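Computed from a prediction, not measured in an experiment: that's the story for all the values here. Side chains are part of it too, since the values below use all heavy atoms of this structure and drop only hydrogens, waters and symmetry mates. Chain letters run A, B, ... following the sequence lines, proteins first, then strands; residues in each count from 1.
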Protein chains: 2
Amino acid sequence: MRIVVARCSVVYTGRLDARLAEARRLLMIKADGSVLVHSEGGSYKPLNWLSSPCKLVVTPLRAPAADGAVERWTVTAGKTDDVLEIRIYEIDSDVSIDLGVDPGLVKDGVEAHLQRLLAEHPSAVGGGLDLVRREHPTAIGPVDILFRDTAGGHVAVEVKRRGDIDGVEQLTRYLHLLNRDPLLAPVRGVLAAQEIKPQARTLAGDRGIGCVVVDYVGLCGRDDPSDRLF
Amino acid sequence: MRIVVARCSVVYTGRLDARLAEARRLLMIKADGSVLVHSEGGSYKPLNWLSSPCKLVVTPLRAPAADGAVERWTVTAGKTDDVLEIRIYEIDSDVSIDLGVDPGLVKDGVEAHLQRLLAEHPSAVGGGLDLVRREHPTAIGPVDILFRDTAGGHVAVEVKRRGDIDGVEQLTRYLHLLNRDPLLAPVRGVLAAQEIKPQARTLAGDRGIGCVVVDYVGLCGRDDPSDRLF
DNA sequence: CCATTCATTTCGAGT
DNA sequence: ACTCGAAGTGAATGG
């Protein structure tokens, strides 16, 4: 890892063209050759970058260029025709340290966990439900969860972290398909998410699809007797 | 901007939980208080981060903790309940430089340009078309481009950089609405994109929606006589 | 290796 | 402030 703070200008050419006028910025060069250009503001996304695999070539400009640049960095992508060209005017700091291989990030609480929790707690979706299976396969993709209700019908659940209009559209397609299966019909739909956008709720209502807001933390610590009747 | 290279461990708690075991990493603290944790590999995305607005509090651990940590950094978000806790074991480098405000990124070549190009070159979408207007307003949002054909009907074009199933759904909603307007009907639909996913193509086919793959570079340099009959 | 889906998505425009 | 759609989306997972 090489970390340089320098006045620079940047030009990216590839999937689009993008330019950065001269200013002081942070330039990060990772071990895999990737280059990131960060400013003081913004979020975690760099202003400009080139991802691995790519190759950095530094060209010193002994007789400084007309614009006063002292170095030109040219980063070329391995496979695509993306190019990042950085012109360096003045270097304020330059540090190189090998960080080694990172042990990596461990996550908990993503959609997969939400799906598992709901499958284990049918009562969070509705009363009188029994799990048929998770990732129930159909011709157009797997339904997140399929429950059977006491009347012999079924409930298809689409699980999202944030429920928006796409989730309703997706579930609608599944329901059309599932309801053609006489072994399953009638199949109701439920959109389950930690947060449901108003527009999604409206569209779901129009189509007779239910909405369930899931309390992830609450479900984690829950031991609901109604889910354990056996 | 403060740039620290240190052995550290990280815990994020908020929308999910995530942990990083002890290792040497790059810690970036921006002027707005946001903190980024970068490793040697990966892409431009940090392993862990907390976005502005947030606040960093550094607590020195004079008598080192049981795990050998010498500092604890606690980053708390302003509005949400997100927390990032970084435990520092050893600092290898520590540089602080004010970068000032960045003049910002200038982009060229995104969807807006594609839309403009297609509006100027109707023949790229189909023969015998005349531009009615771009961003044609409807009750559920603007249609990217609306053309009139020689038969008095119309063509609604949805422009995407990458055409996927969402684009087809969106266009379908527009077509339902537009075809209720006797001044426009019949209205055909065309999905125009630089790349169209097979699933999108299939769904479009089922609904009688056309697919056009757009050659952005080719269109840029084009001067098609069939678009200039006047 | 291709295709689909998720993401602590981020980001910007428009209302 | 909120919503919606785009992104140089990136990254993981399944076929």
Under a 4.0 Å heavy-atom cutoff, the residues of residues 22-45 of chain A touching DNA chain D are A/Lys45

Keeping the roles fixed (side chain from B/Asn179, backbone from B/Val187), state whether a donor-acceptor pair exists under 3.5 Å. yes

Which one, [options], comes nearest to the side chain of [X]?
{"X": "B/Lys160", "options": "C/dA3, D/dG5, D/dG8", "value": "D/dG5"}
{"X": "B/Arg15", "options": "D/dG5, D/dG8, C/dT8", "value": "C/dT8"}
{"X": "A/Glu111", "options": "C/dT10, C/dA7, D/dG8", "value": "C/dA7"}
{"X": "B/Trp49", "options": "D/dG8, C/dT10, D/dA6", "value": "C/dT10"}

Pick base, sugar-phosphate or nothing for A/Asp164, based on heavy-atom distances below 4.0 Å to the nucleic acid. nothing

Mind checking if B/Leu50 touches a base, just sugar-phosphate, or nothing, with heavy atoms under 4.0 Å? nothing

5'-to-3' dot-bracket of DNA chain C (Watson-Crick, G-U; under 3.5 angstrom; crossing pairs as [ ]; | other strand): |||||||.|||||||

So, B/Arg134 and B/Glu120, do they make that salt bridge, N to O below 4.0 Å? no

Whole-Å C1' distance, C/dA7 and D/dA6: 15 Å

When the P atoms of D/dA11 and C/dC11 are considered, how many whole Å apart are they? 16 Å

Can you name the side-chain contact (heavy atoms from CB on, under 4.5 Å) partners of B/Val83, sequence neighbours left out?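 Testing B/Val83 for side-chain contact (heavy atoms from CB on, under 4.5 Å), a comparison that skips the adjacent residues, returns B/Thr74, B/Thr76.
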
Do the ring planes of B/Tyr44 and A/Trp49 sit parallel (below 30°), tilted (30 to 60°) or perpendicular (above 60°)? tilted

